[in-house]
Structures are given as structure tokens and as C-alpha cells.
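Just so we're on the same page: letters track the sequence lines, and every chain starts at 1.
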2 protein chains.
Amino acid sequence: MIEHDIFRALADPTRRTIFEKLANGSMNASTLRQGMDISQPAMSQHLAVLRAARLVREQKEGRFVNYEVDPDGLALIAQWLAKYRAYWPARIDALKLLLKDMDQ
Amino acid sequence: MIEHDIFRALADPTRRTIFEKLANGSMNASTLRQGMDISQPAMSQHLAVLRAARLVREQKEGRFVNYEVDPDGLALIAQWLAKYRAYWPARIDALKLLLKDMDQ
DNA sequence: GAATCACATAAGTGTGTGCTTATGTGTCTC
DNA sequence: GAGACACATAAGCACACACTTATGTGATTC
């Protein structure tokens, strides 16, 4: 169940921070670790969880592994959210119109 | 941190099921429990977590407590998602236009 | 090819979390 | 007002999970 993987992955604050960092530009695991007070294995494990959730994808470059945001995960969240658009508050009402295009 | 509460709340499959049931119509805790093989305290605890995340809200009616989807939680997810709209895949491209209205 | 580097995996540990049974609180019925 | 009912809270327990240190794997450098 990929949907479960996504929400479980985002339930951890450290992983959300990692994801946010990658959203500001792709980088490798070591660079990601800068200023995060986290061990190398911990980072590796977090990235594995984010990868399994399709929130992040890797691109091997020699001995480096470059990580970037995977649009698939975000799309799945958008789809999940779209199921409940009937309950969206008025100020996001405009979103309803746009989501119609997702119904096909 | 409400954002954390939201993702943590949705990380549990039982709570997602409860939320989905409520999205199909508000009901009280006992009715929610039907066909779910879950104890009464467990349901009460799950609802408390969903309430704290603002995904669900209560409406006391005598000795019954009616639960319904709280749009606030969904709006917060939408806002979180909007931050990463630069990475959305092309097939949800139309959403980008709609989300512009959320920027104000 | 030996050393170093970037990263992954293994194994162990403390804490969080979802469950249970037991009990408490407020409301309705008779 | 005594009982039943709907729900919340308390306390305890088993398991998941995020972390650590130690080690493995593959690529680069000299």
C-alpha cells in the first residue's frame, strides 16, 4: 500500500525536513546531512523510507547518489486529497474547479 | 505543530478508514465502529487523535457525539502540498493554476 | 592495488504508539 | 433515582520505529 508508505514517511519530522531540503534543490546524501545533526546511517535509512514512498528518487553518479523530489508521491497525495474535495473550505473553493480535470 | 499531528494521524490505516467513513457522512462513534472489529476505547482514542489534527470535529448531541470531517485539516494538507507544486507532474498541471488563488 | 570516500546494511536499544481491560463521567429512560 | 447507555480516560503491554555503532559494498584516487 503506497498510500500508507507516503503518510508514514511524512509522519516523521526529520523526513519532512529532508524532503523540504530536496524541494529547494536536489543534492546528495552527504550534503543533505549538513546542519542536521544526524548520523550517516540515519540519513540513509530516512532516504530509503522516502524512496519507498516515492516521495524521493535517486540518481547514481559515481560514488555519489543524488536525490531529488519524486513527483509521483506528490501526485498520490493530491489524488488522495481530491477524494475529499467536497469538504474543502470555501477559500480553497477554486481548487474544486481545477480538480475536475483529474477525473477524466 | 499541527502539520505534524496531521501526518501522524493519517499514518495509521485504521484512522484513515475512520476518516474515509466520515467523509461519506457524519456519524457517532458507535455507528463508526460497526464492521470495524475495534474496541470502543480504541475508537475513542483514534477519534481524539483525528480531532487533535483537526481532521475531524465533534458535535455533542445528548449522550451521543456526532463526528464529521473538519475542512481545516484538509486545507492544511492542501497548503502543505501547494508548497511543492513546482514538482507536480504534468498531468496535474491544471492544479497549478488553481492553487495560484491560494497565494493571495 | 591500497587507501579513502560515499553510501547501504546489520544488529541492538530506548521510546513511541496502538491495543487491551478496567473504570470514570455525563445523559437518557423507566 | 437506579439502571442502562454513549463515550472518555487510566493503566499496562506488545510491537513498531528511529536511533546508535559496527561493518559491508562499490567507486575514486594515488
Closest contact, heavy atoms only, [X] versus [Y]:
X	Y	answer
A:L10	B:F7	O-CB, 3.5 Å
A:N24	B:Y87	N-OH, 4.3 Å
A:V49	A:A9	CG1-CB, 3.9 Å
B:A53	B:D5	CB-O, 3.6 Å
B:Y67	B:V56	CD2-CG1, 3.4 Å

Do [X] and [Y] make a side-chain contact, defined as non-hydrogen atoms from C-beta onward lying under 4.5 Å apart?
X	Y	result
B:P71	B:R57	yes
B:F19	B:L74	yes
B:K83	A:E20	yes

Would you say A:H4's side chain and B:A11's backbone share a donor-acceptor pair under 3.5 angstrom?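 Between the backbone of B:A11 and the side chain of A:H4 there is a qualifying donor-acceptor contact (under 3.5 Å).
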Taking A:G73's backbone N and O only, do any of them form a donor-acceptor pair with A:D70's side chain (distance below 3.5 Å, no angle check)?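 Judged by distance alone, no pair lies under 3.5 Å.
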What nitrogen or oxygen pairs link the protein and nucleotides 6-9 of chain D at under 3.5 Å?
from, atom 1, to, atom 2, distance (Å)
D:dC7, OP1, B:A29, N, 3.2
D:dC7, OP1, B:V65, N, 3.3
D:dC7, OP2, B:S30, N, 2.8
D:dC7, OP2, B:S30, OG, 2.1
D:dA8, OP1, B:Y67, OH, 2.6
D:dA8, OP2, B:S44, OG, 2.7
D:dA8, O5', B:S44, OG, 3.3
D:dA8, N7, B:Q40, NE2, 2.8
D:dA8, N6, B:Q40, OE1, 3.1

Within residues 4-19 of chain A, find the residues that approach DNA chain D with a heavy atom at under 4.0 Å, and present them sorted by residue number.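 Under 4.0 Å from DNA chain D: A:R8, A:D12, A:T14, A:R15.
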Show me the side-chain donor-acceptor pairs of residues 32-46 of chain B shorter than 3.5 Å, one per line, residues at least two apart or across chains.
from, atom 1, to, atom 2, distance (Å)
B:R33, NH1, B:I38, O, 2.6
B:S39, OG, B:A42, N, 3.2
B:H46, ND1, B:R15, NH1, 3.2

Candidates B:L47, B:L22, B:I77 - the one meeting side chain to side chain contact (heavy atoms under 4.5 Å, CB included) with B:L55: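 When side chain to side chain contact (heavy atoms under 4.5 Å, CB included) is applied between B:L55 and each of B:L47, B:L22, B:I77, only B:I77 qualifies.
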A:I38 has an atom CD1; how far is it from atom C1' of D:dC19, in whole Å?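 These atoms are roughly 9 Å apart.
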Using atom CD of A:E61 as one end and atom C1' of C:dA6 as the other, report the distance to the nearest whole Å.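 Interatomic distance, CD of A:E61 to C1' of C:dA6: 13 Å.
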How would you list, by chain and number, every residue that makes a side-chain contact (heavy atoms from CB on, under 4.5 Å) with B:A52, sequence neighbours excluded?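 Not a single residue meets the side-chain contact (heavy atoms from CB on, under 4.5 Å) criterion with B:A52.
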Listing time: all N or O pairs from protein to nucleotides 12-15 of chain C that are below 3.5 Å?
none

Mapping B:G62 and B:D37 onto DNA chain C by nearest heavy atom, which one lands closer to the 5' end?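 Result of the comparison: B:D37.
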Using the C1' atoms of five pairs at each end, what's the angle between the two axes of the helix from C:dG1-D:dC30 to C:dC30-D:dG1, to 10 degrees?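 Axis-to-axis angle, ends of the helix: 20°.
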